[in-house]
Every structure is written in structure tokens, then in C-alpha cells.
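Computed over heavy atoms, backbone and side chain alike; hydrogens, waters and symmetry mates excluded. Model, not experiment: these values are computed from the prediction.
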Amino acid sequence: MLELFKEVWSTLKQNKLRTALTGFAVAWGIFMLIVLLGAGNGVFHAFTANENMLSNSMTIYGSVTSKPYKGYDTGRLISLKRSDMDLLRSPELAEVVDEVSAEYEKSDTLVFNDFHAFVNVDGVSPLEQKIGSVQLYSGRFINKIDEEERRRVVVIPSNLVDQIKGQGCDYSTMVGEYMNLGDLRFKVVGVYKSLDVENNIEVYCPFETITAIYKAGDNVESIKFTFHGLLTPAANENFIRQLRSIFNLAHDADPEDNSAIYVFNSYTAGQSLGKAERAMRIALWVLGIMTLLSGIVGVSNIMLITVKERTHEFGIRKAIGAKPKSILSLILVESVAITAFFGYIGMGLGVFATKFMDAKFADHPTDVGIAKVTMFVDPTVGMDVAFEATLLLIAAGTIAGLIPAWKAAHVKPIQALAAK
Amino acid sequence: MQIELKEVNKTYFGAQPLHVLKGINLEVEKGEFVSIMGASGSGKSTLLNILGILDSYDSGEYRIDGTLIKNLSENKAAEYRNSLIGFIFQSFNLIGFKTAVENVELPLFYKGVGRRERHRIAMDYLDRMGLAEWASHYPNELSGGQKQRVAICRALIAKPKILLADEPTGALDSKTSLEVMQLLGKLNEEEGVTIIVVTHESGVANSTNKIIHIKDGVIGSIENNTAHKLSPFGETTIMK
């Protein structure tokens, strides 16, 4: 093999410019492929970073009826009640449903020393930490005892702390401080990592505390629950249909009415995101390979010219005993060597470019009008892509060299010797 | 009998079929130094290509040491060319981007001999031709005579049974031509190499011990030329 590479090297040295120009097309192809895949990864990493739902939870909101039922007209507002949580324990649903919690939301003014802000107050149960994938920077989340004793405690987002104390402050210093929500004093027990929706401040308080303070009575904003065992889209649909009919009946709405309550299923939402991701990834690969294809055609073209130029030499080689196989491998190895060498240069530059994108554009929130959202997170490719691209390059080189090599290997020695 | 041709026929099928060899019968003993002489178009090059297993023939039989050379696969033909035949060409046919010693090594490369061993043997042959100093030179840095001697080294290195030379002096001046022919004579005499030279020059033919005349695709007369009285280089011929 080493012998073969030496042979190939000695011929490549003959045509430096031509080899370099051909190689550029290949390098460019693989560079584009890596950059495209890197950018795609950046977008999808950003998606998943902005996505804060645990993969198997559903949220139910009250909505507006669209069908008349039991003497009620359409357009009736359905508001969820605390007792609706028990509906999830009904035998048709209980098998699938795990933990259930309710949420009550209100907007109010937050005051801390001289700082004022209008915030969303979320009355939540400890389960919210799991369902909403709340990530704590400091302190703790709402716990069971907070709920039972209706403690006035609050978990505040990091962007609020940033606004109060400035960027880069120590979040733990806020834990234990007191601040006013409306007219009442709350103790800060934790700081969580806020999502990128910077203009919106959302604080968490115990559900029982909030419903009591705001005199919500039996009303709840939404009911969230975790579930398991719904593996197919059909199973998910079926479950939601059952859930609707049970909830609708409890609120005197037509069991077939699909708009009386709103159900958000993070599991199928995640699945369709996964599907979109796969589709986009395939599209990016196809685009990249198409770009690479022009490089491959270039290599193939050059190999054809090379074979034509070297026909006489192959004639000499055949006359002194070269077998078709050895000529074939000579051309194939040359082709693979060109593609692989320049491909790796392209890959190196591509990886460098993705690192550059990572450093320059990643994790910087982009203002999309209503909020600032990070569009790009870790736009790099992994080892798996580098490995796949290597395989692709070798395959590409082989394909590029195949026809020229075949021609070279099977030219008749006298014809080859006669060639000029 | 080392080389045996029986009723060998060859026709080139083109727009106008061309019957080039019309039943060639030829025998060459081991250790002979033979020339095949003929005008252009006589079929001598075709005969040489068949002898060198570079071309096929339509009917008849060609045997080297009793082995029938007919309808060979490309691999088998390559193997036989490598082990049985050494070629010397008019235009030397050295590979331009390889040094003299690398050119000489090539047949051994195809034989599968290791790099060091190959190099050692090739240097040995070059040394015997007085070309050791030129081993790392490229063909375009060598004179015509040197190139042909490198080519002879390459032809000999795999220890072939037959050395085939196609107008070996065609690109050389008469002095160098004489030297090359003397070298071939010496190889034949001292090492018993069977040599077949194809030429249209009487000077070249005169250096050989037997002259086979070919005309219009058939063997004409076979002269014994051990006395080398035909016509020496540069005298009666107009080619040089």
C-alpha cells in the first residue's frame, strides 16, 4: 500500500496546479457540507434549548365551546376547576396519567427596594419544576410544605436578578431577600434560569398561596400532568379524544367538541419537531452532497484526462507485466487520495468555520420583535459527522475514479504503447 | 525448442481486412541471437507483438518452452510478459517521472519483490552497464545510449527467457547503435540470453547470428550470419 501511495504521490507532483484546482472543488463541497450541517445543528440546538417542556407532559386549558349541548349555546367559556384534576384519575385515563398539578396565573407588580416591575405570577405545584424543566441557579424550587402551609415564597428568574443587580451578578445573593408582590411580602427561595424571553418576567409561587391571595376559589388556569405509555401518534390521539369527552361532559359540553378545552401535548409536539429536524438534516445532507458532486465530477474529469495522458505509460507498465488490477488501483488510489486530501482540508476549514460561527453568533439573543430569542446554539458538527464525511469522501473518490480507472486498466497494451 | 510458431495467422479487421501474417512457422532455440528483418508493412512488428504477448493471433500455435500462448486472460498475459519476456523498444519507453533505477525496478515491483531487494538488484544491473552513477537521474537527463542501456537493464532484471528488441537502435546514432548491438551480443554470448531483434537495418541484423527475412507476412529466407559478413553499420546502408 505504501508503495502504491509513493507511486501516486510521484504522479500527483507532476501536475500540481491541476491537482490543486480539482482539489479545490472537492474541498469546497465538503466545506459547504460541514458548514450547512453545523448551521443546521445550531438552529436545532437553539430549538431544543428554547423548548422547556418535559417530553411527556400535557397541559389542559379551558377554552370556548363550538357546539351547542344540553341547552347551552355555542361560544360558552369553559374555565377549569380544581376538581377537574380528579377527572384525570378516572379509570379510562388513570393508567396513562402519572402526576397531576394545577396552575393559577396572575399579573401583579413586583417591588424590590427601588425596583418596580410588572410580572406574571405563576401559582404552581412542585411538579412544575419537572414539567417545565425549570433549571435552578440558586436556592430551591417550591416544595410540598410551601403548598401545605401556603407560604409566601417566590422563585424568581435570572433575568429579573439581572435587571435588579446588573448582568453577571451572583444569583445566590438574592436568595433569602424579601420583595413585594402586590401588597404582600414574599421571601425569595430560589433563582431559576430564565428562558430567552427577556421582556417577560415570570415568578413562581406556591399554587395554594396564590389561589388564596387572589381569591381564585375553585378556579385554575390550567392543569398539567405527566404521562407514560402513549407510544404512537394514534395512541396519543385516542387518549386525547377520551380526555376531551370526559372533561367536556364534566363541563356540560358536547363530548365531541374539540374546542371546549385546549390540550397541549409536549410529547407529540416534540415528535413533530424531531421529524422536522430529521427532514431538515436530510435536506442539508442532500444540499451538501450536491455541492460535493460538482467536485466529484471535476475529479472524475481530471482522472479521465490523466488516464488519456498516461495511456502510453500504462502501455509500458503492461508490457513489463502490470496486471489490470494494479493499473486500476493506481488510478483509484490517486482519485481517492485527491478527494480525501482536499476533502480533509475542506473539512478542517468547515469545522473551523463552524467554530467561528459558534464563537461569533452562537448564544447571542436575536430580537424577533416580541422577545429576544437565541437563534443559534452550538452550531458545530460532531465526530460522527466527520466520520460519515470521511466515508463519503472515500466513496466519492472511488466513484470519481471508477470509470477512468476501468478505461486505463483495460486498454490493449499495443494500443496503449502506440498512444502518444 | 524455446520458441515455436506453427501456422500463425493474423488479420486486422478494419474497413479493409488486412491479412498481416500468413502462416508463420518459426523456431528459435534457447540462447540464439536472431534478427527478424523486413521492410515496413512486412508484418515484422505484428510478429514481434505476438511474440511479446502484446497482441493475439487468429489461428496457429505459439509456444514458449512448450507452454501454449493462446487466448490468455489479461492477468495471465501480464504474468507471462513479466516473467518470460523482456522488451527493448526503439523509443526506450522509460517512464519520464521515474529515475533510472526506479524504471529498472518496475518489473520486480510487478513481480512482488520487496523494495530493498528490488533496489539492490536494480543497482547491480545498472552497475554492470556502467550506469551506477546515473541511477538517480531522470530519463531526460540521460543520453540516448544511456537510456537504451537503462531499458536493457529493465528488460533483463526479471530474468526473462526471451529478450525482444524492436528497432533497438532506431533512435540512436551509428556509434551508439554499434555499442548497443555489441552489448546485446555480449549478453547473448556470456549469459546465454535468447535475443530476437526486429529491424529493417542491415547493420543491426548483421550483428546477430541468424537473420530471418519476412516479406508480405511470410517467412522468406533464413540466413546464418555467424560470420557477420552482411553489411556492417554505416557502410552500405543509407539509414545511418
Side-chain angles (χ1 to χ4, degrees), chain A residues 1-19 302-303 305-334 337-338 404-420, chain B residues 10 12 45-46 48-56 72-99 102-116 118-119 138-139 151 153-158 160 164 166:
Chain A
M1 205 61 196
L2 187 73
E3 301 269 332
L4 203 56
F5 276 114
K6 282 178 101 174
E7 283 272 294
V8 166
W9 177 239
S10 66
T11 58
L12 284 183
K13 274 195 305 191
Q14 300 298 301
N15 293 303
K16 287 196 196 82
L17 179 68
R18 193 166 76 189
T19 309
I302 286 300
M303 294 317 294
I305 295 174
T306 305
V307 164
K308 206 165 176 64
E309 271 186 5
R310 293 176 64 188
T311 304
H312 185 69
E313 178 204 326
F314 295 145
I316 300 170
R317 285 176 187 268
K318 285 193 158 192
I320 59 180
K323 293 179 182 177
K325 203 182 78 186
S326 73
I327 304 235
L328 192 84
S329 52
L330 204 61
I331 298 297
L332 278 186
V333 168
E334 185 170 332
I338 294 179
W406 187 260
K407 274 184 83 156
H410 293 283
V411 64
K412 282 212 160 64
I414 38 167
Q415 282 165 6
L417 278 171
K420 257 290 130 236
Chain B
K10 173 77 183 175
Y12 286 117
S45 290
T46 306
L48 187 87
N49 285 338
I50 289 171
L51 288 174
I53 325 179
L54 292 170
D55 205 352
S56 59
L72 299 176
S73 69
E74 280 189 79
N75 277 327
K76 203 73 195 164
E79 218 168 273
Y80 281 161
R81 281 197 292 271
N82 186 248
S83 60
L84 300 180
I85 293 154
F87 283 101
I88 301 167
F89 301 93
Q90 176 175 4
S91 51
F92 323 122
N93 279 347
L94 297 174
I95 294 175
F97 57 85
K98 286 185 177 291
T99 61
E102 284 168 346
N103 266 288
V104 176
E105 281 176 33
L106 213 50
L108 293 183
F109 170 73
Y110 288 121
K111 212 170 200 156
V113 178
R115 191 171 54 89
R116 266 171 224 281
R118 221 160 65 202
H119 189 76
Y138 288 93
C153 287
R154 185 179 67 183
L156 290 172
I157 196 164
L164 291 177
D166 184 7

Enquirer: Kindly give the heavy-atom pair with the smallest separation between Pro413(A) and Leu54(B), and that separation in Å.
Expert: CB-CD2, 3.7 Å
Enquirer: Kindly check if the number of other-residue, nucleotide or ligand heavy atoms within 6.0 Å of NZ (Lys111(B)) is above 12?
Expert: yes
Enquirer: Select one option (side chain, backbone, both, neither) describing which atoms of Phe89(B) are under 4.5 Å from chain A's heavy atoms.
Expert: side chain
Enquirer: Distance from Thr46(B) atom OG1 to Ile414(A) atom CD1, nearest 0.5 Å?
Expert: 8.0 Å
Enquirer: Under a 4.5 Å heavy-atom cut-off, does chain A meet the side chain of Lys98(B), its backbone, both or neither?
Expert: side chain
Enquirer: With chain B as the partner, which of Ala319(A), Ala416(A), Gly315(A) has the greatest number of non-hydrogen pairs under 4.5 Å?
Expert: Ala319(A)
Enquirer: Select one option (side chain, backbone, both, neither) describing which atoms of Asn49(B) are under 4.5 Å from chain A's heavy atoms.
Expert: side chain
Enquirer: What heavy-atom pair brings Ala322(A) and Ala78(B) nearest, and what distance separates the two atoms?
Expert: O-CB, 3.5 Å
Enquirer: Run Arg317(A) and Ile95(B) through side chain to side chain contact (heavy atoms under 4.5 Å, CB included) and show every step you take.
Expert: CA-CA 9 Å; Arg317(A) 285 176 187 268; Ile95(B) 294 175; 4.0 Å; yes
Enquirer: How many angstroms lie between atom CG of Asn103(B) and atom CD1 of Ile316(A), to the nearest 0.5 angstrom?
Expert: 8.0 Å
Enquirer: Taking all heavy atoms of Asn75(B) and all of Pro324(A), pick out the closest pair and write down the distance.
Expert: OD1-CD, 3.3 Å
Enquirer: For residues Gly321(A) and Tyr110(B), report the shortest heavy-atom separation together with the two atoms involved.
Expert: O-CB, 3.7 Å
Enquirer: So what's closer than 4.5 Å to chain A heavy atoms on Leu94(B): side chain, backbone, both or neither?
Expert: backbone
Enquirer: Answer with side chain, backbone, both or neither: which region of His410(A) has an atom nearer than 4.5 Å to a non-hydrogen atom of chain B?
Expert: both
Enquirer: Name the option with the most non-hydrogen atom pairs under 4.5 Å to chain B; the candidates are Lys318(A), Lys412(A), Arg310(A).
Expert: Lys318(A)
